[in-house]
Amino acid sequence: MADQQLTDLIAQALRACADAGTLPACEIEIALEQPPKPEMGDFSCNIALRMSGEAQMKPRDVAQAIIDALPACGLVDRCEIAGPGFINFHLSPTWLQDAVRDVLLLGERYGTSTAGAGTKVQVEFVSANPVGPLHVGNARGGPYGDAVANLLEAAGHEVEREYLLNDGPDNTQFVLFGASVQARVREILGREFEIPENGYRGEYVIDFARALLERHGAEKLGAIPNDPSGHDEMALLAEEVVVEHIRETLAMLGIEYQSWFSERKLFEAGTVGAKIEDLRRRGVVYEKDGALWLRTTDFGDEEDRVLVRSNGAKTYLMTDLAYVDDKLARGFDHCIYVWGPDHAAQVPSVKAGMAAAGVDPAVTEFIIHQIVRLTEGGEIVKMSKRAGKIVTLRQLIEEVGADVTRFFLLSRSVDAHLDFDLDLARKESEENPVYYVQYAHARISSILREARAKGLSTEDLHEADLSLLQHADEMRLMRWMADYPGEVLDAAMRRAPHRIAHLSRDLAATFHQFYGTCRVIDLEAPELSRARLALVSAARTVLANMLGLLGISAPETM
RNA sequence: GCGCCCGUAGCUCAGUGGAUUGAGAGCAACGGACUUCGGAUCCGUAGGUCGGAGGUUCGAAUCCUUCCGGGCGCGCCA
């Protein structure tokens, strides 16, 4: 693409200056931006200002040195120094036409790159405990993790989406859930029952108990002892049903995992045991009060952490360290964890634990998303899973639709709190931003249909004479096409799908403006019509590609 | 008390590894545009001391310090 070529040219010029001794060697990243006004050029670069300190030269002199060393090529028409020392580049006029042509030729591949080729990345997200339906509180990680995975794939990485099932035998919550299901099963069977203290009291536990009885029969379930080992057994049986439910709910949002990883496997495969032995050999653990502690303070944590409780149960940190080993053994170069804010405090412990175990913490990346709250009638909807007062993700999707759900959840920066206004989503779902974007896509589809109905070909549009596109609104659309691949890469590197959400709205607006001033189908001007058909077709492709990254449908009609 | 996140237009939010850039969008409000490709659209008006105060710089919504306000965490639970 043009911006990449230009960056390379500047880099060449810098090397030439360094070799000639006119400028010092420089490690500053070359960043291109758009000048404030179109007549100032197509790209500007601030490298001269940023280098002037180290070079001990005036910025404008640095800029001149770079310009003098710039290799000749067909891309750059001319360049000039502006303001305090910016270099403005005017490119040859065909570069925008080339961008449009690239969109038409590459289709859904336009915007992808090979920047991340050769790096295998895992994105683990949601990973809610398999102890009930997904609720709105853990809904955010789903679309976010999935969209980040999409972005990383677009950037050329090999990506795997994984859901970690916290179903370990030492997982207090999991076994407690088993006990709660056990109680409900006994209730249905007419036996004496008691829901454990702090157990799961929600109605949905009864539903799961019923489903279990249907699947396995009263005889088998009734024979399971009502003791800790029975609770564990019951939890494992219930897990199948719960996970099915979770999987279906996420599938409603278009989320498909390549891997569902059972924490229990870490115990059965001996990964946990091996990790403990390894840590002992390294001398980074000690016994205290009957528990096994890890010296995480030696590696930057605030206090030491327990790995094995005095009752023999392994802690979350213990299994997490074993889990990292398993991931790395599976060949991932980089492991992204998408966690809720309630887990933020664990990150330093896990990183310190990895360092203590001689594993480079940099292979992991923890992304903490902030909370989602539902508001209704101006009030925050209170939720408590154990008390059973929850709004499930499934209910939300059924109420406002998958596209609206995803777009709402993806529209905000992952760092920002998100209030999901139920009334607004329900009442005004037809005026949603997602609708605006989808409408642009449907409208272009309609234009292309109409063109064909009037006898204009929409085949081989990349051969159209794009030099006919000179209107300011046409130029803006073309510029949009040219900038798009860089935006995708940027969003991928920043793990910021919300940028794509905002950009999709911007492209839709740019198209709608163009539509207001430029008539596409004009049988009196077939060549111009063909060029404009090429342009809107390219715009449609990019809209569809953005919606694809977000996991939102791109309808031909609405 | 400590840690993390947030504070930008009436509301919901972008922009925050400094720079020719002077602060943007949607919704809501007000005024316009359909004999023409989808009006679920477009054009225009109005609306902000970028939470406050210092500091660094030629230049700060953006970086540093501090204070205020809101959220979330801080277990031998996960």
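Everything quoted here is computed from the prediction, not taken from an experiment. Chain letters run A, B, ... following the sequence lines, proteins first, then strands; residues in each count from 1.
- Atom CG of A:L477 is separated from atom P of B:C42 by 13 Å (rounded to the nearest Å).
- For the C1' atom pair drawn from B:G48 and B:G15, the interatomic distance equals 15 Å after rounding to whole Å.
- With B:C5, B:C37, B:C76 as the choices, the nucleotide that has an atom nearest any side-chain atom of A:E450 turns out to be B:C37.
- The NE2 atom of A:H417 sits 8 Å away from the P atom of B:C6 (whole-angstrom rounding).
- If you check B:G38, B:C76, B:A14 against the side chain of A:Y439, the one that comes closest is B:G38.
- Base pairing of B:C30 is made with B:G44, judged by Watson-Crick or G-U wobble geometry with both donor-acceptor distances under 3.5 Å.
- Nucleotides B:A25 and B:G47 have their C1' atoms positioned 14 Å apart, rounded to a whole Å.
- Centroid-to-centroid, the aromatic rings of A:H471 and A:F514 stay 6.0 Å apart or farther.
- Here A:A291 lies in heavy-atom contact (under 4.0 Å) with a base.
- Across all strands, A:A344 comes closer than 4.0 Å to no nucleic acid atom at all (heavy-atom distances).
- Contact annotation for A:E303: no contact, since no heavy-atom pair falls under 4.0 Å across all strands.
- Counting to the nearest Å, the C1' atom of B:A60 and the CG atom of A:N46 are 16 Å from each other.
- Across all strands shown, the partner of B:G7 is B:C68, judged by Watson-Crick or G-U wobble contacts whose two distances both fall under 3.5 Å.
- Between A:Y337 and A:F366, the angle of the ring planes stays under 30°, which puts this pair in the parallel group of the 30/60° scheme.
- Base engagement by A:Q34 is indicated by at least one non-hydrogen atom pair under 4.0 Å involving a base atom.
- Distance check, rounded to the nearest 0.5 Å: CD of A:E124 to OG1 of A:T364 gives 11.5 Å.
- Looking at heavy-atom distances under 4.0 Å, A:C45 makes no contact with the nucleic acid at all.
- Under the 30°/60° scheme for interplanar angles, the aromatic rings of A:F208 and A:H245 are found to stand perpendicular.
- Among the heavy atoms of the strands lying under 4.0 Å from A:T172 are primed sugar atoms or P, OP1, OP2 only; no base atom is included.
- Nucleic acid contact for A:F174: none, since no nucleic acid atom lies under 4.0 Å from a heavy atom of the residue.
- The side chain of A:R494 has B:U16 as its nearest neighbour among B:A14, B:U16, B:A78.
- Checking B:C77, B:G26, B:G38 against every side-chain atom of A:R505, the shortest atom distance belongs to B:G26.
- Across the strands present, B:A25 finds its partner in B:U12; the criterion is a Watson-Crick or G-U wobble pair with both atom distances under 3.5 angstrom.
- Residue A:Q370 has no polar side-chain atom (N or O) positioned under 4.0 Å from OP1 or OP2 of B:C6.
- Comparing the P positions of B:G38 and B:C30 gives a spacing of 30 Å, expressed to the nearest Å.
- Atom pair A:R50:CZ and B:U57:C1' shows a separation of 15 Å (rounding to whole Å applied).
- The separation of B:G3 from B:U41, taken at their P atoms, amounts to 47 Å, rounded to a whole angstrom.
- B:C2 is paired with B:G73 under the criterion used here, namely a Watson-Crick or G-U wobble arrangement in which both key atom distances are under 3.5 Å.
- Residue A:Q438 contributes atom CD, which lies 13 Å from atom P of B:U41 at whole-angstrom precision.
- Of the candidates B:C37, B:G71, B:C76, B:C37 carries the atom nearest the A:R519 side chain, counting heavy atoms from C-beta on.
- The side chain of A:P341 approaches B:C72 more closely than any other nucleotide in the set B:C72, B:A78, B:G73.
- Checking B:C5, B:C72, B:C37 against the side-chain heavy atoms of A:I371 singles out B:C72 as nearest.
- Here the separation of B:A14 from B:C58, taken at their P atoms, is 33 Å to the nearest Å.
- An OP1 or OP2 oxygen of B:G15 is reached within less than 4.0 angstrom by a side-chain nitrogen or oxygen of A:H498.
- Residue-level contact check: A:D522 touches neither bases nor backbone, having no heavy atom under 4.0 Å from any strand.
- Sparse packing is recorded around CD of A:E197, with 12 or fewer heavy atoms of other residues, nucleotides or ligands lying under 6.0 Å away.
- For B:C50 and B:A23, the P atoms lie 10 Å apart once the distance is rounded to whole Å.
- Rounded to whole angstrom, the span from the NE2 atom of A:H343 across to the C1' atom of B:C74 amounts to 14 Å.
- Under the Watson-Crick or G-U wobble criterion, with both distances below 3.5 Å, B:C37 has no partner in any strand shown.
- A perpendicular orientation is assigned to the rings of A:H498 and A:H502, their planes being inclined by more than 60° (bins at 30° and 60°).
- Relative to the side chain of A:H512, the nucleotides B:C77, B:C42, B:C37 differ in distance, and B:C42 lies closest.
- A:T557 comes within 4.0 angstrom of a nucleotide base, judged by non-hydrogen atoms across all strands.
- Taking the nucleotide of RNA chain B with the nearest heavy atom to each of A:G290 and A:A345, the more 5' of the two is matched to A:A345.
- In terms of phosphate contacts, A:R499 brings a side-chain nitrogen or oxygen within less than 4.0 Å of OP1 or OP2 of B:U16.
- Listed candidates were B:A78, B:C76, B:C6. Nearest to the side chain of A:V306 is B:C76.
- Residue A:R476 holds its CZ atom at 11.5 Å from CD of A:E474, rounded to the nearest 0.5 Å.
- Residues A:F407 and A:L550 are in side-chain contact: their nearest non-hydrogen atoms beyond the backbone lie under 4.5 Å apart.
- Taking atom P on both B:A28 and B:G69, the two are 34 Å apart, rounded to the nearest angstrom.
- For A:E302, the CD atom counts as loosely surrounded, since its 6.0 Å shell holds 12 or fewer non-hydrogen atoms of other residues, nucleotides or ligands.
- Between A:Y200 and B:A78 there is no side-chain N or O to OP1 or OP2 distance below 4.0 Å.
- If you check every strand for non-hydrogen atoms under 4.0 Å, A:Q346 touches a base.
- Taking atom C1' on both nucleotides, B:A60 is separated from B:G52 by 16 Å, rounded to a whole Å.
- Between the side chain of A:T315 and the base of B:C76, no donor-acceptor pair under 3.5 Å is found.
- The residue among A:S310 and A:A82 whose nearest nucleotide of RNA chain B is located toward the 5' end is A:A82.
- Across all strands, A:A442 comes closer than 4.0 Å to base atoms (heavy-atom distances).
- If you take CZ of A:F177 and C1' of B:A78, they are 15 Å apart, rounded to a whole angstrom.
- Taking every side-chain heavy atom of A:R449 into account, B:G38 is the closest of B:G38, B:C6, B:C76.
- Atom CD of A:E487 sits about 7.0 Å away from atom CH2 of A:W480, to the nearest 0.5 Å.
- The partner of B:C63, taking Watson-Crick or G-U wobble pairs whose two distances both stay under 3.5 Å, is B:G55.
- Separating the CG atom of A:D506 from the C1' atom of B:C42 is a distance of 15 Å, rounded to the nearest angstrom.
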